[in-house]
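Counting starts at 1 for both ligands and their atoms, following the listed order. Predicted model, so just to flag it, every value in this text is computed and none were measured.
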Amino acid sequence: MNGRVSYEEAYAASLNDPEGFWRERAEEIEWFEFPRAILDQDDNGAWRWYRGGKLNTSWLALDRHVEAGRGEQAALIYDSPVTGRCDTYTYQELRDWTAKVAGGLVDLGVGKGDRVIIYMPMVPEAAVAMLACARIGAVHSVVFGGFAPPELASRIDDAEPKVVLTASCGIEFDRVIPYKPLVDEGIALAQKPVSHVVVLQREQCAAELQDGRDYDWQVWEEAAEPAEPVALDALDPLYVLYTSGTTGKPKGVLRDNGGHAVALNWSMKAIYDVDAGDVYWAASDVGWVVGHSYIVYGPLIRGCTSILYEGKPVRTPDAGAFWRVISQHRVRSFFVAPTAFRAVKKEDPECLLKAQYDVSCLKYQFVAGERLDPPTYHWLQEHLPGVPVIDHWWQTETGWPICSDMAGLELLETKPGSPTLPVPGYDLRILDEDGRECGPNTEGAVVLKAPLPPGSFPTIWGDHERFEEAYWSRYPGFYLTGDGGYRDEDGYVFIMGRIDDVINVAGHRLSTGEMEEVVADHPAVAECAVFGVHDADKGQVPLGLVVLKDGVNVDAAELQNELVGMVRAAIGPIVNFRSALVVGRLPKTRSGKILRQILRKMADGEAFATPSTIDDPAIIDEVRNVIEEWRSP
Ligand code: COA
Ligand code: AMP
């Protein structure tokens with residue numbers, strides 16, 4: 001399987017002989033010791049790749065390139081329109097910096113297997129912190145800056161970090177958001193103690209440091225001796241990244257070192273068609289899986305130049321920001337969520353700002369994170385002539401794409417609304433309620449047959465039972481993606497949206513179950529339903545329906561304000577929870593289950609059949625009237 005192979009050959013090889021296929025992919029990275037086994041099962045019965053392999057992901061991402069003579073090549077470009085900074089770090093510089101920060105962690109008593117929470121904005125220190133953990137075998141858990149203190153607290157309680165790394169503030173457009181008070185509150189709310197907090201003091205905002213617990217990043221880093229990378233087992237954890245599930249408690253998706261490095265290295269070439277020296281840009285955040293895989297680890301393992309962008313698609317300073325960055329840094333492959341381009345399109349519908357820049361370097365436009373709506377797809381196609389617009393579908397759990405047109409193998413015919421075909425390694429099926437495979441063009445649950453390829457998660461941190469229950473119990477032997485969809489007569493996959501209580505708001509994955517828990521806490525609320533409704537800009541936004549307790553008399557607008565404030569304080573501003581409507585009753589089945597899918601369809605103006613199991617069909621009209629009134633301008 002060396003040399004250029006067709007998609008079909010690669011896909012067939014990956015399913016017919018997974019061990020042979022992934023052995024070859026493993027030979028494409030450098031190991032301290034090559035694995036003894038390619039695929040086997042661990043004590044939990046979970047499939048594991050590359051047992052016995054010894055490696056260090058940080059060494060692979062940094063030192064190896066320096067040793068190969070690429071030390072002077074740009075590794076990371078920090079482009080920050082919100083601060084006016086644009087700094088380039090070579091592989092040598094990034095390696096040396098990472099070694100110092102790793103040494104700083106060692107000074108705080110952090111060693112192999114210890115957890116470190118990183119709650120930081122998009123500054124290069126965030127990437128360095130991740131790589132520093134990886135260097136010494138510590139397990140990082142990055143928490144997205146838009147999450148509120150209780151979310152941070154629940155992650156502290158679950159991950160039990162020795163150290164929290166943070167910064168004094170983040171910058172949202174022109175707004176400085178102090179982070180340190182959020183961290184202090186998160187630590188205070190947590191049951192588990194945090195011994196040390198290291199704070200990067202940014203010039204936009206000085207944070208107060210607590211004696212004995214908090215350290216000034218600069219002083220701490222300067223005092224440290226560089227730490228060498230340690231040899232880790234392929235199965236050792238690299239990171240835990242929390243993602244939303246159907247309940248209030250986020251799931252700690254665990255990633256191990258070996259499979260992750262192999263899969264990302266291969267994906268950089270096979271999917272994104274980039275090589276060492278190419279400039280690659282994923283305009284996401286290190287707090288999301290895209291940031292882990294395709295801002296930090298993937299591009300660096302491959303030897304690319306990665307861009308870490310602290311800005312927005314618009315208003316930093318304008319809707320030409322993406323074109324400016326692509327042109328200035330000569331980006332070859334660009335990856336972003338469709339919502340970001342919807343924001344650009346709204347401000348610059350004719351895409352006039354692009355004319356100010358030479359973006360001829362751009363060879364591929366990748367999008368993921370949410371459904372690529374056809375208008376955005378066509379807009380991109382129209383304004384990027386000759387540049388394939390590639391929709392690809394994946395999840396935090398898999399860590400890399402499940403379905404994608406594979407630019408580095410061969411580009412297939414695209415169909416709007418489809419992320420094309422399954423990536424080699426993923427045996428994708430569509431199953432009906434009874435576990436039978438659906439025929440072409442019939443919607444069902446999108447599942448993946450075990451074993452999942454390298455890089456996919458082997459467990460949930462500290463809760464393997466939940467891993468089994470949430471993902472593997474519905475259809476034994478198949479991983480439940482949580483997405484619904486179908487394949488057409490050519491096998492093209494169409495992802496139609498979540499079949500659980502997860503929604504996608506501006507490319508951010510959120511749990512409506514968690515929002516319901518917060519709303520239900522209000523003293524006036526008897527019960528509630530929160531579900532995702534279509535939004536032209538953000539893809540989806542949450543809408544809450546609340547039933548008041550008997551005898552309670554509240555002003556609806558006031559109640560909405562209070563609920564919006566509660567959700568924001570409990571989960572964070574990124575939830576975009578802005579509407580809560582009072583209804584007399586909620587539509588339920590006779591067994592008491594709220595009919596959320598029907599509520600969503602109703603709110604989106606889609607057709608739906610009233611189920612025969614409904615408790616009282618008259619409720620449908622009552623609720624519809626309330627939603628229609630809310631929808632009307
Ligand atoms: N730290 C603190 N607050 C944050 C934050 C962060 N890292 N990110 C977002 N927020 C806040 C915003 O300031 C906003 O606050 P507000 O309600 O007080 O105004 C709120 O969370 C909602 O943010 P968002 O929904 O992101 O809206 P926006 O108008 O700020 O930005 C986009 C819109 C399209 C620019 C932005 O959503 C975006 O870039 N999305 C892409 C997401 C992505 O890359 N996902 C990864 C998958 S590929
Ligand atoms: P996350 O784990 O945050 O990456 O979110 C994963 C979820 O986002 C998936 O389960 C899908 O619901 C959605 N998603 C991601 N990419 C796509 C895509 N290309 N098309 C449709 N939905 C997507």
Side-chain angles (χ1 to χ4, degrees), residues 119-122 126 143-148 167 169-179 182 241-245 251 253 282-295 309-316 319 321-322 335-347 366-373 377 390-404 417-420 446 457 480-485 493-500 502-511 532 535 537-541 564 568 571-578:
Y119 184 79
M120 298 188 80
M122 285 289 285
V143 180
F144 178 64
F147 279 122
C169 64
I171 304 164
E172 286 291 297
F173 297 102
D174 49 3
R175 232 169 1 126
V176 171
I177 315 258
Y179 272 22
L182 305 176
L241 178 59
Y242 288 87
T243 190
S244 299
K251 296 183 282 202
V253 167
S284 180
D285 188 288
V286 288
W288 306 115
V289 68
V290 179
H292 284 61
S293 297
Y294 295 116
I295 294 175
Y309 176 66
E310 189 184 27
K312 300 277 181 180
V314 293
R315 290 170 39 216
T316 56
F322 283 171
F335 173 0
V336 75
T339 189
F341 266 121
R342 284 198 298 273
V344 173
K345 184 170 136 216
K346 196 171 171 190
E347 295 209 359
F366 285 87
V367 287
E370 56 170 335
R371 183 170 168 267
L372 173 59
D373 51 298
Y377 173 72
I390 302 178
D391 177 15
H392 61 330
W393 167 65
W394 53 297
Q395 312 185 303
T396 305
E397 288 86 342
T398 62
W400 64 292
I402 308 168
C403 284
S404 183
S418 169
T420 326
V446 186
F457 71 145
L480 187 71
T481 65
D483 282 302
V493 178
F494 289 77
I495 300 298
M496 303 308 289
R498 300 287 302 196
I499 50 176
D500 55 13
V502 168
I503 59 171
N504 207 304
V505 182
H508 307 314
R509 173 169 160 182
L510 299 162
S511 159
D535 181 85
D537 299 330
K538 305 208 180 228
Q540 277 187 305
V541 288
V564 166
R568 203 179 159 91
I571 310 176
I574 46 156
V575 175
N576 280 286
F577 181 82
R578 303 197 199 281

Q | Atoms of ligand 1, numbered as shown, that sit under 4.0 Å from any heavy atom of F173 | A | 30 (O)
Q: Compare G369, A340, A283 and give the one whose heavy atom is closest to atom 44 (O) of ligand 1.
A: A283
Q: With heavy atoms only and a cut-off of under 4.0 Å, state how R568 meets ligand 1: side chain, backbone, both or neither.
A: side chain
Q) Which residue supplies the protein heavy atom nearest to atom 19 (O) of ligand 1, what is that atom called, and how far is it? A) R175 NH2, 3.5 Å
(Q) Run F322 and F341 through ring pair (Phe, Tyr, Trp, His ring centres under 6.0 Å) and show every step you take. (A) CA-CA 9 Å; F322 283 171; F341 266 121; 5.4 Å; yes
Q) Does ligand 1 have any atom sitting under 4.0 Å from a heavy atom of R342? A) no
Short N or O separations between ligand 2 and the protein, below 3.5 Å:
unit_1: ligand 2; atom_1: 2 (O); unit_2: T396; atom_2: N; d: 2.8
unit_1: ligand 2; atom_1: 2 (O); unit_2: T396; atom_2: OG1; d: 2.5
unit_1: ligand 2; atom_1: 2 (O); unit_2: R509; atom_2: NH1; d: 2.6
unit_1: ligand 2; atom_1: 8 (O); unit_2: G369; atom_2: O; d: 3.4
unit_1: ligand 2; atom_1: 8 (O); unit_2: N504; atom_2: ND2; d: 3.1
unit_1: ligand 2; atom_1: 10 (O); unit_2: Q395; atom_2: NE2; d: 3.0
unit_1: ligand 2; atom_1: 10 (O); unit_2: D483; atom_2: OD2; d: 2.5
unit_1: ligand 2; atom_1: 10 (O); unit_2: R498; atom_2: NH1; d: 2.7
unit_1: ligand 2; atom_1: 12 (O); unit_2: D483; atom_2: OD1; d: 2.6
unit_1: ligand 2; atom_1: 12 (O); unit_2: D483; atom_2: OD2; d: 3.3
unit_1: ligand 2; atom_1: 16 (N); unit_2: G369; atom_2: N; d: 3.0
unit_1: ligand 2; atom_1: 19 (N); unit_2: D391; atom_2: OD1; d: 2.8
unit_1: ligand 2; atom_1: 19 (N); unit_2: H392; atom_2: O; d: 2.8
unit_1: ligand 2; atom_1: 20 (N); unit_2: E370; atom_2: O; d: 3.4

Q.
Taking distance alone, with N or O pairs closer than 3.5 Å, would you say T339 contacts ligand 1?
A. no
Q | Minimum heavy-atom distance between I574 and G146, given as atom pair plus value | A | CG1-O, 3.6 Å
**Q.** Side-chain donor/acceptor of Y119 to backbone N/O of F147, under 3.5 Å
**A.** yes
**Q.** Protein heavy atom at shortest distance from atom 20 (C) of ligand 1
**A.** P573 O, 3.5 Å
Q) Minimum heavy-atom separation for A126 to P121, with atom names? A) CB-O, 3.7 Å
Q) Identify the closest protein heavy atom to atom 45 (N) of ligand 1: which residue and atom is it, and at what distance? A) G507 O, 3.4 Å
(Q) Counting the benzene-type ring for Trp, do W393 and F494 have ring centres under 6.0 Å apart? (A) no
Q) Within the side chain of N504, is there an N or O that forms a donor-acceptor pair under 3.5 Å with the backbone of G369? A) yes
Q. Looking only at heavy atoms, what is the nearest atom pair of S404 and I390, with distance?
A. OG-CG2, 3.9 Å
Q.
At less than 4.0 angstrom from any non-hydrogen atom of Y179, what atoms of ligand 1 do you find?
A. 1 (N), 6 (C), 7 (N)
Q. Is V314 touching ligand 1 with its side chain, its backbone, both, or neither, if touching means heavy atoms under 4.0 Å apart?
A. neither
Q: Would you tell me which option among A337, A506, A343 has the nearest heavy-atom contact to atom 40 (N) of ligand 1?
A: A506
Q.
Between F366 and Y294 (judged by ring centroids, cut-off 6.0 Å), do the two rings come close enough to count as a pair?
A. no
Q. Considering G170, G311, S284, which one's heavy-atom position lies nearest to atom 46 (C) of ligand 1?
A. S284
Q. Do the side chains of K346 and D537 get nearer than 4.5 Å, heavy atoms only?
A. yes
(Q) One pair to check against side-chain contact (heavy atoms from CB on, under 4.5 Å): R371 and I495. What are the steps and the verdict? (A) CA-CA 7 Å; R371 183 170 168 267; I495 300 298; over 6 Å; no
Q) Which one holds for F577 and ligand 1: side chain close, backbone close, both close, or neither close, with close meaning a heavy atom under 4.0 Å? A) neither
Q) Would you say atom 6 (C) of ligand 1 touches the protein, meaning some protein heavy atom is under 4.0 Å from it? A) yes
Q. What atoms of ligand 1 come closer than 4.0 angstrom to any heavy atom of V290?
A. 47 (C), 48 (S)
Q. Looking at R342 and D373, does any basic side-chain N land under 4.0 Å from a carboxylate oxygen?
A. yes
**Q.** atom 32 (C) of ligand 1: any protein heavy atom closer than 4.0 Å
**A.** no
(Q) Could you go through T339 and E370, starting from their C-alpha distance and side-chain angles, then the distance that decides it, and tell me whether this counts as side-chain contact (heavy atoms from CB on, under 4.5 Å)? (A) CA-CA 8 Å; T339 189; E370 56 170 335; 3.1 Å; yes
Q. Heavy atom under 4.0 Å from ligand 1: found in P313's side chain, backbone, both, or neither?
A. side chain
Q: Could you tell me whether R509 and E397 have a side-chain N and a carboxylate O separated by less than 4.0 Å?
A: yes
Q) Any idea which protein heavy atom is nearest atom 2 (C) of ligand 1, and the distance to it? A) G145 O, 3.5 Å
Q) How close does the nearest protein non-hydrogen atom get to atom 12 (C) of ligand 1, and which residue and atom is it? A) E172 OE1, 3.4 Å
Q) Does any non-hydrogen side-chain atom of E347 lie less than 4.5 Å from one of V314? A) yes
Q. By number and element, which atoms of ligand 1 are closer than 4.0 Å to a non-hydrogen atom of G146?
A. 1 (N), 2 (C), 3 (N), 4 (C), 5 (C), 6 (C), 7 (N)
(Q) Under 3.5 Å between any N/O of K538 and any N/O of ligand 1: does that happen in this structure? (A) yes
Q: Over all heavy atoms of both residues, which pair between R315 and F173 is shortest? Give the atoms and the distance, please.
A: NH2-CG, 3.5 Å
Q) Hey, what do you get for CZ (R498) to OG (S244), rounding to the nearest 0.5 Å? A) 9.5 Å
Q: Find all atoms of ligand 1 within a distance of less than 4.0 Å from any non-hydrogen atom belonging to A368, and give their numbers and elements.
A: 48 (S)
Using atom types as modelled, flag every donor-acceptor pair under 3.5 Å from a side chain in residues 285-293 to any protein atom, sequence neighbours excluded.
unit_1: D285; atom_1: OD1; unit_2: G287; atom_2: N; d: 2.7
unit_1: H292; atom_1: ND1; unit_2: V286; atom_2: O; d: 3.1
unit_1: H292; atom_1: ND1; unit_2: W288; atom_2: O; d: 3.1
unit_1: S293; atom_1: OG; unit_2: G399; atom_2: O; d: 2.7

**Q.** From R509, H508, R578 - option closest to atom 26 (O) of ligand 1 by heavy atom
**A.** H508
Q. For I177, is the nearest heavy atom under 4.0 Å from an atom of ligand 1?
A. no
Q | Under 4.0 Å to a heavy atom of F144 - the qualifying atoms of ligand 1, by number | A | 5 (C), 7 (N), 8 (N)
Q.
Ring-plane angle category for W394 and H392, please: parallel below 30°, perpendicular beyond 60°, tilted otherwise.
A. tilted
